[in-house]
Amino acid sequence: MSARIIDGKAIAAELRGKVTMEVHRLRRDRGIVPGLAVVLVGANPASEVYVGSKKKMTVDSGMRSFDYRLADTAGESELLALIQRLNGDPDVNGILVQLPLPAHINSQNVIAAIDPSKDVDGFHPMNAGRLATGLPALVPCTPFGCVILAKTVHASLEGLNAVVIGRSNIVGKPLAQLLSAENATVTIAHSRTRDLPAVCRGADLLFAAIGRAEMVNGDYIKQGATVIDVGINRVPGEGGKSRIVGDVMFADASAIAGAISPVPGGVGPMTIACLLVNTLRAASARAGLPLPAI
Ligand code: GUN
């Protein structure tokens, strides 16, 4: 039997379509155009690609995109000054500082400087705390997208055993919070977990966010489970070219799983779509409007 493929590309396109409609409505009824500022420090090739896609999708959805590039020699104080300026700019509803930052800049200081109401990455301790305590929050985009994908397979996640491999602030921890809020029974596993394959074989929902190419093989997967692959790893391919693979060995896993998200074309497109949702939400909240129902 072969698993159903969760088409993140199509699901993300549908979500962006809904955002585009809501952006249009906001402009028509209120004269508001949501704006997203993206800040890139230095010239990391992978970050350049992400930032380019974010810009295109922001503009395609009818929002304004503001691009800021700082040299990789820029100091932390220069970046903090830019964030202060964006915090005070009424045309900017969302601020995203692309990570990773150069080593001489303290990412936590930078994240903490962003106005929590413009923190469309959901990384500010205020938003992380709000999510953890069940208050409305801007939530990190990748975990947000993962939950949407899981819910295309299961109408409700209530009572399902969910295992999240990885405990980063960007994915693992907030994903566990979101799943718990959906009433799943959540285990956070990681590189020090004892007998990781056995723990994962207990999962109805398995989320792989370790950052190790194709580490999750068939031994980790329960028959019929839903597998969401968060990994984006560049590995050597044919003819000296590189190719992108996930954290899951796709061919192995899809013979056992009930549903699986591919890489590319799974979680990746969802992350950007959810960033647009967050920017729309931030703009609506700023205008004192109810959050759009998407
Ligand atoms: N780098 C990799 N993923 C992300 C993300 O979701 N947000 C930011 N700001 N940087 C990233």
Side-chain angles (χ1 to χ4, degrees), residues 8 12 15-16 35-58 65-70 72 74 76 79-80 82-83 86-87 92-103 105-116 118-128 131 137-149 164 166-178 207-212 228-234 244 246-247 263-264 266-279 281-282:
L15 186 54
R16 290 198 311 274
L36 172 64
V38 174
V39 182
L40 179 58
V41 184
N44 174 325
S47 293
E48 299 265 2
V49 174
Y50 292 143
V51 166
S53 306
K54 283 171 193 168
K55 184 183 168 73
K56 180 179 183 312
M57 306 245 170
T58 303
S65 170
F66 305 97
D67 253 3
Y68 294 89
R69 303 277 172 131
L70 300 185
D72 56 9
E76 190 172 310
L79 180 53
L80 292 175
L82 172 59
I83 291 171
L86 297 173
N87 282 344
V92 172
N93 299 108
I95 302 170
L96 181 145
V97 179
Q98 185 67 33
L99 302 178
L101 288 166
I105 297 181
N106 181 322
S107 303
Q108 292 302 336
N109 290 346
V110 171
I111 290 166
I114 297 171
D115 178 338
K118 298 190 177 190
D119 169 38
V120 285
D121 260 328
F123 294 164
H124 191 288
M126 173 76 86
N127 280 315
L131 173 61
L138 286 165
V139 304
C141 304
T142 300
F144 187 2
C146 288
V147 171
I148 296 174
L149 291 184
V164 177
R167 50 179 161 174
S168 70
N169 290 337
I170 294 183
V171 182
K173 282 185 211 158
L175 179 53
Q177 301 284 358
L178 287 171
F207 297 86
I210 324 121
R212 291 191 41 193
I228 307 288
D229 189 350
V230 187
I232 299 179
N233 308 288
R234 198 171 282 275
I244 302 287
D247 289 351
V263 176
V267 173
M270 293 303 292
T271 298
I272 299 185
C274 290
L275 174 67
L276 303 181
V277 172
N278 278 351
T279 306
R281 286 182 174 175

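Residues take their numbers from the sequence shown, with the count starting at 1. Start at 1 and go down the list; that is how both ligands and their atoms are numbered.
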Undergrad: Quick one: look at D121 and ligand 1, take heavy-atom pairs under 4.0 Å, and tell me if it's side chain, backbone, both or neither.
TA: side chain

Undergrad: Tell me the contacting part of L275 for ligand 1: side chain, backbone, both, or neither, using a 4.0 Å heavy-atom threshold, strictly below.
TA: neither

Undergrad: Taking 4.0 angstrom as the limit and counting only heavy atoms of V97, give me the atoms of ligand 1 inside it, by number and element.
TA: 8 (C), 9 (N)

Undergrad: So, is L99 polar-close to ligand 1, with some N/O to N/O distance under 3.5 Å?
TA: yes

Undergrad: When you measure from atom 3 (N) of ligand 1 to every protein heavy atom, which one gives the shortest distance, and what is it?
TA: Q98 NE2, 4.6 Å

Undergrad: May I ask you to list the atoms of ligand 1 that are less than 4.0 angstrom from any heavy atom of L96?
TA: 9 (N)

Undergrad: Heavy-atom pairs closer than 4.0 Å: do any link ligand 1 to the side chain of Y50, the backbone, both, or neither?
TA: neither

Undergrad: Of the non-hydrogen atoms in L178 and F144, which two are nearest, and what is the gap between them?
TA: CD1-N, 3.7 Å

Undergrad: Rounded to the nearest 0.5 Å, what's the gap from CG on L36 to CG on N93? Could you check?
TA: 9.0 Å

Undergrad: Nearest heavy-atom pair of D72 and V41: which atoms, and what distance?
TA: CA-CG1, 4.4 Å

Undergrad: Do N109 and E76 have side-chain atoms, one donor and one acceptor, less than 3.5 Å apart?
TA: yes

Undergrad: Decide, yes or no, whether a salt bridge links D67 with K55 under the criterion of side-chain N to carboxylate O below 4.0 Å.
TA: yes

Undergrad: Which pair of heavy atoms, one from V120 and one from A282, lies closest together, and at what distance?
TA: CG1-CB, 4.4 Å

